[in-house]
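One is the number of the first residue; the rest follow in order along the sequence.
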Amino acid sequence: MILKNAARAAAISTAILAGMVTIPGQASADTTGPVVSKIGKIRTDTGLELTAGIDAPAGVTSVTATITAGTANVPGTFASTVTDFHLVSGTATSGTWQSSGALGLEIYASYRVAITAQDSEGTVSLPGRGLLDYRPSPVFHDTAYKPTTLSFEHQDINVTGRLTEYDPAGGDTGTPWPTTAGMGVYVTWEGHTSPNNATAADGTFALTVHPGDVQNTTLHVFVTTPTYAQGPDSEPITSVDSPVRITLDHTGNTGAPVGSTQVISGTAERRQEDGTWVPLANVTLPIQASTGGQATGATTDATGRFSQTVTVTNDTTIWTVSYTRPFLTPASVSYTIAKPVAKVSLHANKPTVDADSRLHISGYPTFPGNALPNGRVYIQQSNDGHTGWTNIGSTTMGSATNGFAASVLTVTNPHGYWRYYYPGAPGFTAAYSPVVHAFRYQTAISGGKPSSTRVTKHHTVTISGTLKQNGYGSWTPLPKATVQILFRPSGSSTWHLITSAHTSNTGHFAAHPTITRSGTWRVVYKTPDQVHVNASGPMVKVTAI
C-alpha cells in the first residue's frame, strides 16, 4: 500500500477536475425531497475535497459523504464519513456543495463514495454514488510554447514546462513527477500527435513539434498516466508568409517557328526576415501552358536558377511559372510565345534532264495544318549550287499531303543545281529545299550556215561548222559525232533529213547538199547517249534560182 505523506504542503490554485462516475440519489420519502447529482472532486492547497450538485426545494440543511473501500488495497471494513460541507455556488435549493479540509484517507487507492443530503423538512435523499480515485496526480507548471508565430525560417515549436505530483492528502505539489518516454509528455494538434517525451529528474520536459502545413492551430499538451492529464493549451499558433519572387531572363518570344523550342529560365528567391533575398534552392516550380495539357516543372539549383525547354505550338501560348507552399507568399510569372510561325519544309526529289535540255523535277512540302497561304513555290537554278540563284519556274502547293506536280522546264544549263523556294506568308516561314543536281553535257553548234543563200538549181552549197560540248570547265570539241542536215521546203512545216556529217577530232563537220528548190536549212545534233543534250544550228533560207 502507498501511504499519504502528511508533511507535504504547498499552495495550489483551486480547480474543478473531471467528475467521478455518478449515480444520482433520489429523495427517500417523496419526489419533492433532495436529489444529489454531479458528484466530483476538486484539488485544493490542503488536499482533495468532494463536491456535489444538490437540488432541494425545501433547502439543504446538511450533506453527508460516506467513503468505503473500492479496491482490494483497502480493507473491506473501511468506512469514513465526511459531514463538513459548505455551499460554494448557487443556493440551498439548487447549488454546489464542497467538503472542507482533507478527507483523511490513509491509503492511495480507489474508493466508493455515497453522498446524501437532508432538507429543512428532515427528508433525506437517496445517495448519489461515484468512484473516487485517491492517488497522486500530475500537475503542469510553467508550460510555454515558443514561438507562437511560425514562418519559413521558424517552423518548429518548442514546448517546455515542469510536472510535479499533487498529493490528494495534503495538497503538496513540490515533488517532481517522473515519467518515461512511453508514459511521458506529448502534444496534439489538428489530428496530429507528437512522440512521447520523458521528463527529467526535476520534472522538467522539453520537446519540439513541427506543425508542418498546419499554420493556424492550437497545441494541446498531455501526460500519459494510468489515466492521463492535460496541461494548458497554447495561445493560437499563427503564421506569417515570406515574400517570393520569380525573375525570368526573358519574358517571351514573338514569331518563333512552330515545333522549335524555347528555354524558360530565371531565378527564384525568397526574402528572409532580415529583409535580404536568398535563393529558393532545390524546389520544383510548376510550369503550365495556357493551352492546357499536363504541367511540366523546373527544379532550382543551389543558387535558385532554373531552366525548362518547351516546344512552340501552333497557338499563342502563355507559360505560367509559379510556386506555392506554406509560409511563402504564392508567386507566379508569365512567359509568352506570341504569334508562332508555322515551319515550312520543302523536299526535292532527284531530278533528271532529258536530251532536249528539259528539267523534270518534283518534290513535296511539310508544314503544320492543311494548306499554305500564297502556296506558290518557285524553282531556282544555280550553276555552282551556291551562288547566282535565279527563278526559272514555279509550281503550286495544295495541301501538306500532296506533293508538287512534276515540273518540266527547259533549262539553259543541263548540268546545273536546283532547289525549291517558298517565300513565306503571315504565320508561315520561308523555306528552301535541299539542293539537288543532275548532269548532262551541254552542246552547241557554231557555224552551220549554208555557204550561199542564192544557188542555181542542181548546184551544191557547203554547210560547215563545229560541234562542241561543255561540262564543268571550258567548251571543248565533240569529236566523232554525227550531225544531221535538215531541210524544210518553203510553204511546208515538215523537216526532212537530207544528209549527215561526222565531226573530226576538232569537232569540225562539213556537208555539200544539192539545191533543188527553195527552203530552210538547219544543222542539228541528236545525242545518241544519256550524257549529252541535243543542239541546233541557225535556220537559214536558201533560194533556188
Side-chain angles (χ1 to χ4, degrees), residues 351-360 381-388 390 392 408-418 436-490 492-545:
T352 60
V353 177
D354 63 21
D356 293 320
S357 293
R358 293 180 302 180
L359 171 70
H360 299 256
Q381 176 178 279
S382 166
N383 288 333
D384 59 10
H386 302 287
T387 60
T390 57
I392 61 172
V408 180
L409 303 170
T410 299
V411 295
T412 58
N413 184 358
H415 51 259
Y417 297 81
W418 296 276
V436 292
H437 177 54
F439 180 85
R440 274 184 183 255
Y441 281 97
Q442 188 174 6
T443 57
I445 295 174
S446 59
K449 296 181 179 181
S451 55
S452 178
T453 59
R454 290 181 66 82
V455 180
T456 303
K457 287 183 179 181
H458 304 298
H459 285 70
T460 62
V461 293
T462 299
I463 300 176
S464 63
T466 301
L467 178 63
K468 52 187 178 180
Q469 62 182 353
N470 175 259
Y472 293 115
S474 59
W475 286 90
T476 60
L478 180 55
K480 299 180 181 180
T482 299
V483 296
Q484 298 177 343
I485 312 301
L486 302 181
F487 174 71
R488 184 182 66 194
S490 296
S492 173
S493 60
T494 302
W495 291 93
H496 301 276
L497 174 61
I498 303 303
T499 186
S500 297
H502 301 284
T503 62
S504 65
N505 288 337
T506 63
H508 180 73
F509 65 87
H512 308 282
T514 299
I515 301 302
T516 60
R517 55 180 171 168
S518 298
T520 302
W521 295 85
R522 190 178 198 182
V523 181
V524 299
Y525 167 71
K526 294 187 176 181
T527 179
D529 55 42
Q530 302 295 315
V531 295
H532 292 85
V533 294
N534 300 333
S536 299
M539 291 186 291
V540 180
K541 183 177 181 180
V542 176
T543 301
I545 57 175

[atom1]/[X] to [atom2]/[Y] distance, rounded to the nearest 0.5 angstrom?
X: L409; Y: I392; atom1: CG; atom2: CD1; result: 5.0 Å
X: R358; Y: T352; atom1: CZ; atom2: OG1; result: 10.0 Å
X: F439; Y: H415; atom1: CZ; atom2: NE2; result: 6.5 Å
X: Q442; Y: K468; atom1: CD; atom2: NZ; result: 10.0 Å
X: K526; Y: L497; atom1: NZ; atom2: CG; result: 8.5 Å

### Query
Between T503 (side chain) and L467 (backbone), is there a donor-acceptor pair under 3.5 Å?
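No; judged by distance alone, with no hydrogens or angles, the pair does not exist.
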### Task
Return yes if some donor-acceptor pair links the side-chain N/O of S357 with the main-chain N/O of P414 below 3.5 Å, else return no.
no
### Query
Is the Y417 ring parallel, tilted or perpendicular to the H437 ring (thresholds 30°, 60°)?
parallel
side-chain hydrogen bond (donor to acceptor under 3.5 Å, both in side chains) with [X]: which residues, sequence neighbours excluded?
X: T506; result: S504
X: T387; result: D384
X: Q381; result: W418
X: H360; result: D354

Mind checking whether [X] and [Y] have side chains closer than 4.5 Å, heavy atoms only?
X: R522; Y: T520; value: no
X: P477; Y: N505; value: no
X: L478; Y: Y525; value: yes

Please tabulate, for side-chain N and O atoms in residues 534-545, each donor-acceptor pair with protein atoms closer than 3.5 Å (sequence neighbours left out).
residue, atom, partner, partner atom, Å
N534, OD1, T527, N, 2.8
N534, ND2, D356, OD1, 2.8

### Query
Which pair of non-hydrogen atoms, one from G385 and one from S382, has the smallest distance, and what is that distance?
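Scanning both residues completely, I find the closest heavy atoms to be N-OG, 2.9 Å.
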### Query
Does W521 have any ring-ring contact (aromatic ring centres under 6.0 Å, His included) partners at least two apart in sequence or in another chain, and if so, which?
F487
### Task
Please collect all side chain to side chain donor-acceptor pair (under 3.5 Å) contacts where either partner lies in residues 445-462, sequence neighbours excluded, each pair once.
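Non-adjacent pairs meeting side chain to side chain donor-acceptor pair (under 3.5 Å): T462-H512.
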#### Entry: All pairs passing side chain to side chain donor-acceptor pair (under 3.5 Å) where residues 474-484 contributes a residue, at least two apart
T482-H502
#### Entry: Worked verdict on S464 versus H508 for side chain to side chain contact (heavy atoms under 4.5 Å, CB included)
CA-CA 7 Å; S464 63; H508 180 73; 3.9 Å; yes
### Message
For a side chain to side chain contact (heavy atoms under 4.5 Å, CB included) check, start with the C-alpha distance between I463 and V523, then their side-chain angles and the critical distance, and finish with the verdict.
### Response
CA-CA 8 Å; I463 300 176; V523 181; 3.5 Å; yes
### Task
Return each pair, listed once, that meets ring pair (Phe, Tyr, Trp, His ring centres under 6.0 Å) where at least one residue sits in residues 526-545; pairs must be two or more places apart or across chains.
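Every ring pair (Phe, Tyr, Trp, His ring centres under 6.0 Å) pair that includes a residue of residues 526-545, provided the two are not neighbours, is Y441-H532.
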